[in-house]
Protein chains: 2
Amino acid sequence: MPKFGNLVSLHEAKNWSRNMSTVTIKMLARELNLAISTVSRALMDSYEISPETKQKVTALAKQLNYQPNHYASSLRKQRSKTIAVIIPEISNNFFSHVINGIEAIAQEKNYHVLIYFTHENQQKEAEVIQHLLGGRVDGILMSLAGTTSSTMHLQPIMEQGLPIVFFDRISDTLNAPTVTTDDFESARHATRHLMDVGCRKIAYLSISPNLSIDCKRMHGFNQALQDKPGMAHSMMIPCSTDTNQNFERICQVLREEQPDGIFASVEKLAITSYHACAAVGLSIPKDVKILSFSNLETASLLNPSLTTIIQPAFDMGKSAATVLFHMLEKRKGRQWEQNTVIKSNMIIRNSTQIAV
Amino acid sequence: MPKFGNLVSLHEAKNWSRNMSTVTIKMLARELNLAISTVSRALMDSYEISPETKQKVTALAKQLNYQPNHYASSLRKQRSKTIAVIIPEISNNFFSHVINGIEAIAQEKNYHVLIYFTHENQQKEAEVIQHLLGGRVDGILMSLAGTTSSTMHLQPIMEQGLPIVFFDRISDTLNAPTVTTDDFESARHATRHLMDVGCRKIAYLSISPNLSIDCKRMHGFNQALQDKPGMAHSMMIPCSTDTNQNFERICQVLREEQPDGIFASVEKLAITSYHACAAVGLSIPKDVKILSFSNLETASLLNPSLTTIIQPAFDMGKSAATVLFHMLEKRKGRQWEQNTVIKSNMIIRNSTQIAV
DNA sequence: CTGTTAGCGCGTTCAT
DNA sequence: ATGAACGCGCTAACAG
């Protein structure tokens, strides 16, 4: 597939002294007849270096386009100014926005971001964690994989004292800061809304019973039904990460059970439902009303077909990162704050603009 | 906003010898009465270490949960098994998929991925590049910022010989491998389609004349109009990265110029157009037909309102990464292949299923 | 104010 | 088959 040419451009040596090897403080020191440490301190603008020397050093550094070696510095200082973000997948629009939020804060703090996808696979999740244990990052931001039931593989992190913040898909058995939205309350609220607009037979599409968000949303869903007993029937439809399979399953349910409402636990299932309705020949929202958590962009496209609970994904990313940096900065020895829980405000949005 | 508790769990020392400090080969060596170098070699499965010693070393390493220090090893080996991805923004759905593709290949090659957003800002772009010059990554995958007109800030990379591959938003003045889709041909083809279904006055929404994709698409657009002279009028509407501003601009155009077709250079502008039509009271595709490059997911939601050219974003990510790794592996000294151009096949999709 | 020294943790020479 | 020693590039303690 790739087609290679072989034009190798031969640039002339321009600004550097000898060959094109990368320039180090050692070279600067030699060039200026200074000690290595002096150059180092000059570059970090230490108070104990004379203005003239600083001037000379920074001038030469700029001229030679000196760039500090991040690996050497991280090794020496034992901190890397780098955090890791571990998420199930990014094709899910929700996580795109979260990452955006995280990166915004990281950029502000001059931190770097390593990104890892688990593809909803616990095995992969464990591998990534294992690698990160080697001191590669100062902290971790994480959202659990859908198949993750046990949290054994996270124990080393807790024991080693590596700062970690969970967001969205959290673990209740782990004693670590978490950032989530109020899934229970907004699911309850939105389900009530579905009933208010006439739904009497609602199908709940579950993505995975191992996911905290799924459980809480289902819980809120059930609570809403119990709040008004006898008002509506419910059905639990177990789905998976296999979209094609979900599609078939949903079509089948639509035909055989004929629900007039669908509560999709995650956005992807809502979109699949959207297509399933079209395939079966049902019109939205006339025949079937679909409810889901989703982001603003997708919601705007689907509106008014869907009752959408908009997740403040960008803000959640920012919040999670903020908590993590708080831990990093306050860290003394091996202790830091735990049990931080931020419940972001929910924005609920649909054709009739309900608010929570 | 954050609410902190202070439960600090005190875990007992379990498997390690002394305190909970991270375990190094030095400790393993001391524990086993071996030289550091022996342990090092045993862990990398060197042929000159006896099976018994290897056995003992790996056993203890596993027991103490030893993890090599990535920074030390990178410093020593002068390569980091890490690549950087520099993109304008990720909220743009297109880049989400690209990253997914990149990460898939990186994971396969056991590489790590640092991610940087330029937020369409050339200044930021330059800063990131500058940092990366310090030997932090083995290679770079990059898509240029919309405001980037000059490529001066990329010169040091070329001079230093840091492997880099551009994708999607490339620079024509830079002598580096690129991966793009065939923007000219597919834009031409799709525009022809617009005319075939009856459009006679088409507005082209330009995102930035500095962007290669914008130019090529506009070029293809114009070519299609020239192919059938007198068939349709065209209008050039300059847009920006400010969505609100774009919205107003498009509404104004819709009212005053009343085009019956819109060619949006990027997905975001298509969505904005979609909303603008709704605001002005025009129905899609009856009154106005919108054409755009977009990803499958968004396209599926907007179908059949939009004539969509689906970009193989995931594949583009994979291709770009593949080319980069090719460079990394073949690298000897400071030379490698240049001018690699992969033109991914385009998939064109809309209500009437046209193919290119 | 500046220089000397001593590592950070790992891989690689050179000896044995 | 194993050990001793050195250095990747940088920071920090300790002199002077």
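Keep in mind that this is a model prediction, so the values were computed, not measured. In what follows, every chain begins at residue 1, and chains take the letters A, B, ... in the order their sequences are listed.
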Inset, instruction - Tell me, with the steps shown, if A:Q160 and B:N65 meet side-chain contact (heavy atoms from CB on, under 4.5 Å). - result: CA-CA 11 Å; A:Q160 188 168 319; B:N65 201 27; 5.6 Å; no
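A:K81 places its NZ atom 17 Å from the P atom of D:dC10, with the value rounded to the nearest Å. Rounded to an integer number of Å, the gap from B:L75 CG to C:dG7 P is 17 Å. One atom, CZ of B:R30, and another, C1' of D:dG3, lie 17 Å apart when rounded to the nearest Å. Between the CG atom of A:N69 and the P atom of D:dG9 there is a distance of 7 Å, given to the nearest Å. To the nearest angstrom, P of D:dG9 lies 15 Å from CG of A:L43. Atom CZ in B:R79 sits roughly 17 Å away from atom P in C:dC10 (whole-Å rounding). In this structure, B:L32 places its CG atom 16 Å from C1' of D:dA1, rounding to the nearest Å.
Remark: B:K26 is in phosphate contact with C:dC8, judged by side-chain N or O atoms under 4.0 Å from OP1 or OP2. Between B:T53 and the phosphate of D:dT2, there is a side-chain N or O to OP1/OP2 separation shorter than 4.0 Å.
Distance alone, capped at 3.5 Å, is enough to place a donor-acceptor pair between the B:Q107 side chain and the A:F117 backbone. Checking side-chain atoms of B:T82 against main-chain N and O of B:V137 turns up no donor-acceptor pair under 3.5 Å. Side-chain N or O atoms of A:S80 include none that pairs as donor or acceptor with a backbone N or O of A:S74 at under 3.5 Å. Using a distance-only test at 3.5 Å, with no hydrogens or angles considered, a donor-acceptor pair links the side chain of A:T322 to the main chain of A:K318. Of the possible polar contacts, none joining the A:E125 side chain to the A:I86 backbone as a donor-acceptor pair under 3.5 Å is found. Between the A:S46 side chain and the A:I49 main chain, no donor and acceptor come within less than 3.5 Å of each other.
Within the helix from C:dC1-D:dG16 to C:dT16-D:dA1, the inter-axis angle between the opening and closing five-pair segments is 40°, rounded to 10°.
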Inset, instruction - Produce a footprint string for nucleotides 11-16 of chain C: one letter per nucleotide, 5' end first; B if the base is under 4.0 Å from any protein heavy atom, S if only the sugar-phosphate is, - if neither. - result: BBBB--
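Between A:H70 and B:H131, the ring planes are perpendicular. Angles over 60° get that label, and only those under 30° would be called parallel.
For the pair B:A35 and B:Q78, nearest-nucleotide mapping onto DNA chain D gives the more 5' position to B:A35.
With sequence neighbours excluded, no residue forms a side-chain contact (heavy atoms from CB on, under 4.5 Å) with A:E108.
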